[in-house]
Amino acid sequence: MRATILILGSLVTLAACGSRVIPEPTDADAARVSAVWPGTTTASLARGRSLLLSHCGSCHLPPSPTEHAATEWPHEVGEMRERAGLTPDDATLVERYLTAFASDRPRGQK
């Protein structure tokens, strides 16, 4: 019994290490990125997050926005767009979501 508890505890710990932070957008996030993309809403960021989870998460763990710099996300999303089954408009939403939460945040790039 004790061994079972230790094994289960180890599995839980490993699972937690493999999880990724995919933050929920807030009104403050939408206001912040509206300086770069006027008209960005919390709903559009949430849609980008939802697309990321459903399309990118269908083949592998969805990437955390902090895995790449904001300037790298357009290329990364462009590379995976067709394989992920994203329309160009949906890819834009995913790219904006990832860029909005990148570790270096958007700084005026398109």
Side-chain angles (χ1 to χ4, degrees):
M1 180 66 155
R2 191 174 201 177
T4 303
I5 292 172
L6 286 172
I7 291 170
L8 288 175
S10 296
L11 290 174
V12 168
T13 302
L14 286 173
C17 291
S19 66
R20 306 217 169 149
V21 176
I22 312 293
E24 293 272 353
T26 65
D27 291 341
D29 297 318
R32 176 175 46 80
V33 298
S34 284
V36 179
W37 302 297
T40 299
T41 63
T42 306
S44 66
L45 290 175
R47 176 73 178 141
R49 180 182 186 274
S50 175
L51 289 164
L52 173 76
L53 294 173
S54 64
H55 287 263
C56 304
S58 66
C59 293
H60 54 78
L61 284 175
S64 171
T66 59
E67 285 183 28
H68 294 284
T71 56
E72 296 171 347
W73 278 119
H75 173 75
E76 295 296 322
V77 173
E79 287 283 315
M80 295 298 295
R81 186 185 73 75
E82 286 187 33
R83 281 183 266 176
L86 293 167
T87 67
D89 289 341
D90 286 348
T92 297
L93 291 173
V94 170
E95 178 186 315
R96 288 184 180 179
Y97 168 78
L98 289 166
T99 301
F101 290 95
S103 58
D104 61 344
R105 306 280 166 93
R107 289 187 170 84
Q109 70 275 12
K110 235 180 176 181

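Keep in mind it's a predicted model, so treat the numbers as computed, not measured.
Every residue two or more places apart in sequence or in another chain that forms a salt bridge (charged side-chain N to carboxylate O under 4.0 Å, His left out) with E67 is listed here: R20. For the side chain to side chain donor-acceptor pair (under 3.5 Å) test, residues two or more places apart in sequence or in another chain that qualify with T66 are S64. In terms of the salt bridge (charged side-chain N to carboxylate O under 4.0 Å, His left out) criterion, E79 has no residue partners (sequence neighbours excluded). Checked against side chain to side chain donor-acceptor pair (under 3.5 Å), D89 has no partners two or more places apart in sequence or in another chain. Among residues two or more places apart in sequence or in another chain, the side chain to side chain donor-acceptor pair (under 3.5 Å) test is passed with R49 by E24.
Sorted by first and then second residue, the ring-ring contact (aromatic ring centres under 6.0 Å, His included) pairs with a member in residues 40-69 read H68-W73; sequence neighbours excluded.
The shortest distance between side-chain heavy atoms of Y97 and L51 does not fall below 4.5 Å. Contact annotation: the side chain of F101 approaches that of P25 to within less than 4.5 Å [non-hydrogen atoms, C-beta and beyond]. When side chains are defined from C-beta on, D90 does not count as touching R81, because their heavy atoms never get closer than 4.5 Å.
To the nearest 0.5 Å, the span separating CG on L98 from CD on E72 amounts to 12.0 Å. In this structure, S34 OG and D29 CG are separated by 10.5 Å, a value rounded to the nearest 0.5 Å.
C56 and P63 make their closest contact through CB-CD, 4.2 Å (heavy atoms, listed as atom of the first residue, atom of the second, distance). Across every non-hydrogen atom of E95 and P74, the tightest pair is OE2-CG, 3.5 Å. Smallest separation of non-hydrogen atoms from S58 and S54: CB-O, 3.5 Å. When all heavy atoms are compared, the tightest approach of P62 to L53 is CG-CD2, 3.7 Å. The shortest heavy-atom contact between A102 and A69 is CB-C, 4.0 Å.
Under a hydrophobic-cluster definition in which Ile, Leu, Val, Met, Phe, Trp and Tyr are linked whenever side-chain heavy atoms come within less than 4.5 Å, directly or via other members, L52 and M80 are assigned to different clusters.
No donor-acceptor pair closer than 3.5 Å links the side chain of T40 to the backbone N or O of A30.
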